[in-house]
2 protein chains.
Amino acid sequence: MEMKSVTRSLRVLEAVARHQPVTVGELTRIFGLPKSTVQRTLVTLNEAGWLRANRKDTTRWEIGARVLAVRPAALQGSSLFAAAREPMIRLRDALNETIHLSVPDALQGMVVVDRVDCDHAVRTYHAIGDTSPLHATAAGNAVLAHLGKSEIDEVTAGTLEGYGEETITDPGQLRAELCRVRERGYAVNHNQYLQGVCAIAAPVLDGEGTPLAAVAASLPDSRFEPVRLPELGRLVAETAAEITARHLA
Amino acid sequence: MEMKSVTRSLRVLEAVARHQPVTVGELTRIFGLPKSTVQRTLVTLNEAGWLRANRKDTTRWEIGARVLAVRPAALQGSSLFAAAREPMIRLRDALNETIHLSVPDALQGMVVVDRVDCDHAVRTYHAIGDTSPLHATAAGNAVLAHLGKSEIDEVTAGTLEGYGEETITDPGQLRAELCRVRERGYAVNHNQYLQGVCAIAAPVLDGEGTPLAAVAASLPDSRFEPVRLPELGRLVAETAAEITARHLA
DNA sequence: GCATAGCGTTCCACAATGCGGCATGCTACT
DNA sequence: AGTAGCATGCCGCATTGTGGAACGCTATGC
């Protein structure tokens, strides 16, 4: 059950996305594959409408617009997305910190789906599409805290990878932290994943209480003031609640 | 140069996107392909991370978050996207009409990449990822008007498909219309493509004057008042100019 | 409680399919 | 003119994906 050509084509597509606009030769160097193989793949992807030649240099390839019609269920019709946008901007205006909207991907991790930037010279950066672990991020914990016990166990069952001093790697400790998250309504990440990056996050739920996404305010360590935490947490949680309400309406 | 399995896999991916969460059986009925073929394709796409099983019903498939990392060049790093967002919301607030951001796709047509809805009960609807023809839409004309002569000829060379009474199908007439668009700074579509749908659009340009995208206010025929056109056009053009300025900054 | 229908999944022999080394033609420097 | 690097075209071989058929399961109906 392999479908080598399909697997390879998708990896080529991802490579084009990262390096666009890119030439055949550059891709052969990235993959170490024969030129004819890469070339054939590109032509096929182009015929399918997923790739197109750059308008200025027709030997360079870039991603076609077809991909935009293919989006995760949580964003279909973009109702969650649209519901989140204005509250996110207001939250950014209130805090002047970068705000992220992330969705869980099959319990593998959180994926950033939208972002509103702050205007500080020093700011955190996560591109749309970036993934991060559930157990070591504020957004991940916010979602995790509102899953069923069986699902929490599923995640805490495997080894919890550590990313530094602060990462919670003990399943028991993580479960205790998730309880606190549930009680106070927001999750906090203080250097648990990326060094120097902190975040405060709250979940967006559907009608049945299942977490669909998380809103997070992400800021550098240097601006993180523990005293302001209750206030920030409250604002983030209110924003998440507003998105939940708008999304259901 | 065919790569049948790749082409089919991508079509399956698109079908999953449209019907998610979807089962193997439903897909076999859509495509009329053998079950084993569809099944194999799904497993392969899943292994590549582009598909995942639904959490509640594990025999249903949906789009994975991996696709979000694959975006057209114009949206990479989402700077255009981010630059457009707030001006679009302000324009929506000013007009209370649905605002679209569209990018041209290899001179094939315009693709909707973002949307801000109005709150009228009667409103136009275009999903993100939808495509429409360059010669019969306001967004298309806005972009077309700012392309080089050779590119305009390229588009006006083929037959211009008609979609109703109002569509401009004569290349000469279209070129004249594009001149007017350039002069007044915005394009207008009055029932030229979809019946009952009108729009006013203006282009977002890069540093060299090449059109990257178009902002459009889209409204039902019933609310279209020719008297207000200069005012609406001015507001749309100002919004596009602001997005251009923010994007360059 | 047995029969049936429909589902997702697995298996396997066949041959169609994509593979990749090689050759070509192009453009751009030197 | 010569060379280097590029994208692209060709074609025989064997690897690869194909799809019919069989399996096991669950739900529905008699």
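These numbers come from the heavy atoms of this one structure, side chains and all, not from hydrogens, waters or symmetry mates. Below, chains carry the letters A, B, ... as their sequence lines are ordered, and counting in each starts from 1.
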D57(B) CG to dG8(C) C1': how many Å, rounded?
11 Å
Distance-only donor-acceptor test, K35(B) side-chain atoms vs dG19(D) base atoms, 3.5 Å
no
Between dC6(D) atom C1' and W61(A) atom CH2, what is the distance in whole Å?
14 Å
Looking at F81(B), is R71(B) sitting on its ring face, NZ or CZ under 6.0 Å from the six-membered ring centre and within 45 degrees of the normal?
yes
Below the 4.0 Å mark, does dG20(D) have OP1 or OP2 next to a side-chain nitrogen or oxygen of R40(B)?
no
If you count the non-hydrogen atoms of other residues, nucleotides and ligands that lie under 6.0 Å from CZ in R60(B), is the total more than 12?
yes
For dC7(C) and T59(B) - does any side-chain N or O of the residue sit under 4.0 Å from the phosphate oxygens OP1/OP2?
no
Which residue, I243(B), D206(B), V113(B), forms the side-chain contact (heavy atoms from CB on, under 4.5 Å) with L80(B)?
I243(B)
Please confirm whether any donor atom in the side chain of S36(B) sits under 3.5 Å from an acceptor in the base of dG20(D), or the reverse.
yes
Expressed in angstrom and rounded to an integer, what is the separation of R60(A) atom CZ from dC6(D) atom P?
10 Å
For salt bridge (charged side-chain N to carboxylate O under 4.0 Å, His left out), just list the numbers for E26(B) and R29(B), CA-CA rounded to whole Å, side-chain angles, deciding distance to a tenth of an Å, and then say yes or no.
CA-CA 5 Å; E26(B) 286 162 2; R29(B) 259 168 271 127; 5.6 Å; no
Where each residue is assigned the nucleotide of DNA chain D containing its nearest heavy atom, which of V6(A) and E26(A) is assigned the position nearer the 5′ end?
E26(A)
Measuring to OP1 and OP2 of dT8(D), would you say a side-chain N or O of Q39(A) lies under 4.0 angstrom away?
yes
Think S5(A) has a side-chain N or O under 4.0 angstrom from the OP1 or OP2 of dG18(C)?
no
For M3(A) and dG18(C), what is the distance between atoms CE and P respectively, to the nearest whole Å?
11 Å
Using a cut-off of less than 4.0 Å, is there contact between a side-chain N or O of R29(B) and OP1 or OP2 of dC7(C)?
yes
More 5' along DNA chain D: K4(A) or G25(A), using each one's nearest nucleotide?
G25(A)
